Amino acid sequence: MELPLKSIAVTIVILTVLTWAWRVLNWVWLRPKKLEKFLRQQGLKGNSYRLLFGDLKENSIELKEAKARPLSLDDNIAIRVNPFLHKLVNDYGKNSFMWFGPTPRVNIMNPDQIKAIFTKINDFQKVNSIPLARLLIVGLASLEGEKWAKHRKLINPAFHQEKLKLMLPAFYLSCTEIITKWEKQMSVEGSSELDVWPYLANLTSDVISRTAFGSSYEEGRRIFQLQAELAELTMQVFRSVHIPGWRFLPTKRNRRMKEIDKEIRASLMGIIKNREKAMRAGEAANDDLLGILMETSFREIEEHGNNKNVGFSMNDVIEECKLFYLAGQETTSVLLNWTMVLLSKHQDWQERARQEVLQVFGNNKPDYGELNHLKIVSTKEIVFDIDQFDHINLSCVCMYVTGPDDTLRGTQALSALNCA
């Protein structure tokens, strides 16, 4: 009796090992090679699959080499931002694919194909992200189907024109503070040189903190500092090979990412609960993002007979607040930085823009209605710190842009502020 039991146990162990070995072999080799064959049959070109890493090593090496080379403002920025993709398109054309570990990704560069993909959201769904990346990429950006439609409906009111008008004082205050700091660094001669990138990164964080949390501004700033650290750690995860189950190992990076997520959620939950108490006590909702989200959610619940399923849960509100920062902070600060670089390079446009701003606003604080009178500086949502423009020879523009193109990045550019 004892012998058969041992034989059964050994058989189970062998079968288990063989099953896992087959799964690993299929994951790291058989399935990628099968997908590569299908892609080539459809006319797509790319590098041959390399075991486990795919194109990740080459991508990392080329990015490191590109950043080590000095950058001229006349250079092709694509080679600096994504050198591997640039090389791939040159070698294989626009209909190409690349390897993120054992997973191939097709490059879509035809505008008609991109349009078709965006209009067929049920056929082309979002890629399932790496589990650890879900600590950062949350909310509307990660949802599909009915839940996406529900969140979109509840979030939309926060971005209506009338609501954005109410945020103008927060934009103005943040711009004033940063220019005051720059003025203090001016030398006796009236000119100085400084790296504007850290200031612009702080500027957009401050604006988002004020517009997202209002009176809880200082606590919001701490949350966004943690988000920035989490974003950097997440980028490290994306640049490495994803091994299933790796997130459960107590590595230094894994532990830190989970610690940050826990602290962010605890802070946001405290802010939200305080707002809920205030709203239930009859206080008016604030005009910041958090107040608008909660007010819209409560109203939707009441209109459906107190059905809480139609509104936001606590976790939903937390994730949308996190996403608001992720989507708006670095993208906007990068755009601002590049705008200042281009204004410094094309000083004729700098002067024309300054004169138009002074003509429309004079020395008054910016008024939302008068923004429509701007023609040269034509971005829809722009806040100018007008009071400082008469003596700073570089336009300081704070833009609230819902979807900027962040492929142009000039993070190390130095801009001279020449004061009259």
Side-chain angles (χ1 to χ4, degrees), residues 19-67 76-138 141-145 148 231 233-248 253 326 405-407:
T19 300
W20 277 103
W22 171 257
R23 288 182 177 180
V24 171
L25 178 63
N26 185 58
W27 170 57
V28 300
W29 186 255
L30 298 180
R31 186 173 181 273
K33 295 302 289 185
K34 184 178 180 180
L35 290 173
E36 181 180 349
K37 180 182 177 181
F38 289 153
L39 290 170
R40 295 193 187 281
Q41 287 175 349
Q42 295 179 42
L44 295 165
K45 299 178 182 179
N47 293 328
S48 296
Y49 171 67
R50 282 163 284 192
L51 183 65
L52 191 60
F53 291 97
D55 291 325
L56 283 175
K57 283 186 176 180
E58 188 177 348
N59 190 359
S60 178
I61 291 171
E62 292 199 11
L63 185 61
K64 186 176 181 180
E65 290 177 351
K67 289 187 175 181
N76 183 351
I77 194 69
I79 302 175
R80 171 83 170 197
V81 175
N82 201 329
F84 180 78
L85 181 58
H86 183 267
K87 180 176 180 294
L88 192 75
V89 172
N90 284 339
D91 291 345
Y92 299 109
K94 294 184 178 180
N95 294 323
S96 57
F97 62 88
M98 60 194 300
W99 293 96
F100 279 75
T103 305
R105 294 192 181 179
V106 177
N107 301 315
I108 307 296
M109 304 184 72
N110 184 303
D112 292 332
Q113 291 176 342
I114 295 172
K115 182 179 179 181
I117 290 171
F118 283 148
T119 54
K120 298 178 181 178
I121 58 175
N122 293 324
D123 295 329
F124 298 94
Q125 297 193 345
K126 297 180 177 73
V127 177
N128 290 327
S129 61
I130 299 170
L132 276 174
R134 293 175 198 152
L135 297 176
L136 179 71
I137 304 172
V138 294
S142 63
L143 300 177
E144 297 280 6
W148 177 87
L233 293 173
T234 303
M235 289 306 300
Q236 294 177 20
V237 171
F238 277 126
R239 296 189 192 110
S240 57
V241 177
H242 169 57
I243 300 175
W246 185 262
R247 69 185 187 276
F248 298 113
R253 184 171 65 195
L326 178 66
D405 178 0
D406 63 346
T407 58

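These figures come from a predicted structure and were not determined experimentally. Residue indices begin at 1 and follow the sequence shown.
- Enclosure of atom CH2 in Trp27 by more than 12 non-hydrogen atoms of other residues, nucleotides or ligands within 6.0 angstrom is indicated.
- Dense packing is recorded around CZ of Arg134, with more than 12 heavy atoms of other residues, nucleotides or ligands lying under 6.0 Å away.
- Residues Trp29 and Lys33 meet the side-chain proximity criterion, which asks for heavy atoms closer than 4.5 Å.
- Within a 6.0 Å radius of NZ in Lys57, other residues, nucleotides and ligands contribute 12 heavy atoms or fewer.
- Within the model, atoms CD1 of Ile137 and CG of Leu326 stand 7.0 Å from one another, a figure rounded to the nearest 0.5 Å.
- Remark: Glu62 CD to Ile79 CD1 distance equals 11.0 Å, nearest 0.5 Å.
- Side-chain contact between Leu39 and Val106 is present, with at least one heavy-atom pair separated by less than 4.5 Å.
- To the nearest 0.5 Å, atoms OG1 (Thr234) and CD1 (Ile130) are separated by 9.5 Å.
- Closest of all the heavy-atom pairs between Ala78 and His86 is CB-CD2, 4.1 Å.
- Listed here is the closest heavy atom pair of Val28 and Leu51: O-CD1, 3.5 Å.
- The distance from the CG atom of Asn82 to the CG atom of Asn59 is 6.5 Å, given to the nearest 0.5 Å.
- Two residues are said to be in side-chain contact when any heavy atoms from C-beta on lie closer than 4.5 Å; His242 and Pro102 fail this criterion.
- Closest approach of Leu88 and Met98 over heavy atoms only: CD2-CB, 3.8 Å.
- For the pair Leu63 and Phe84, the minimum side-chain heavy-atom distance is 4.5 Å or more.
- Within the structure, side-chain hydrogen bond (donor to acceptor under 3.5 Å, both in side chains) pairs that include any residue of residues 104-118 comprise Ser96-Asn107 (at least two apart or interchain).
- Residue pairs meeting the side-chain hydrogen bond (donor to acceptor under 3.5 Å, both in side chains) criterion with at least one member in residues 44-56, sequence neighbours excluded: Asn47-Asp55, Asn47-Tyr92, Arg50-Asp55, Arg50-Glu58.
- A search for ring-ring contact (aromatic ring centres under 6.0 Å, His included) contacts involving Trp22 returns nothing, not counting sequence neighbours.
- With rounding to the nearest 0.5 Å, the separation of CG in Leu30 from CG in Leu35 is 11.0 Å.
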**Request:** For side chain to side chain contact (heavy atoms under 4.5 Å, CB included), just list the numbers for Gln42 and Phe97, CA-CA rounded to whole Å, side-chain angles, deciding distance to a tenth of an Å, and then say yes or no.
**Result:** CA-CA 11 Å; Gln42 295 179 42; Phe97 62 88; over 6 Å; no
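- Ser240 and Arg253 make their closest contact through OG-NH2, 3.8 Å (heavy atoms, listed as atom of the first residue, atom of the second, distance).
- Atom-to-atom distance recorded for Leu135:CG and Arg247:CZ is 9.5 Å, nearest 0.5 angstrom.
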**Request:** Assess whether side chain to side chain contact (heavy atoms under 4.5 Å, CB included) is satisfied between Leu56 and Trp99, documenting all intermediate values.
**Result:** CA-CA 7 Å; Leu56 283 175; Trp99 293 96; over 6 Å; no
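- The closest donor-acceptor contact from the side chain of Arg40 to the backbone of Gly46 lies under 3.5 Å.
- Summarising the local packing, NZ of Lys67 is surrounded by 12 or fewer heavy atoms from other residues, nucleotides or ligands at distances under 6.0 Å.
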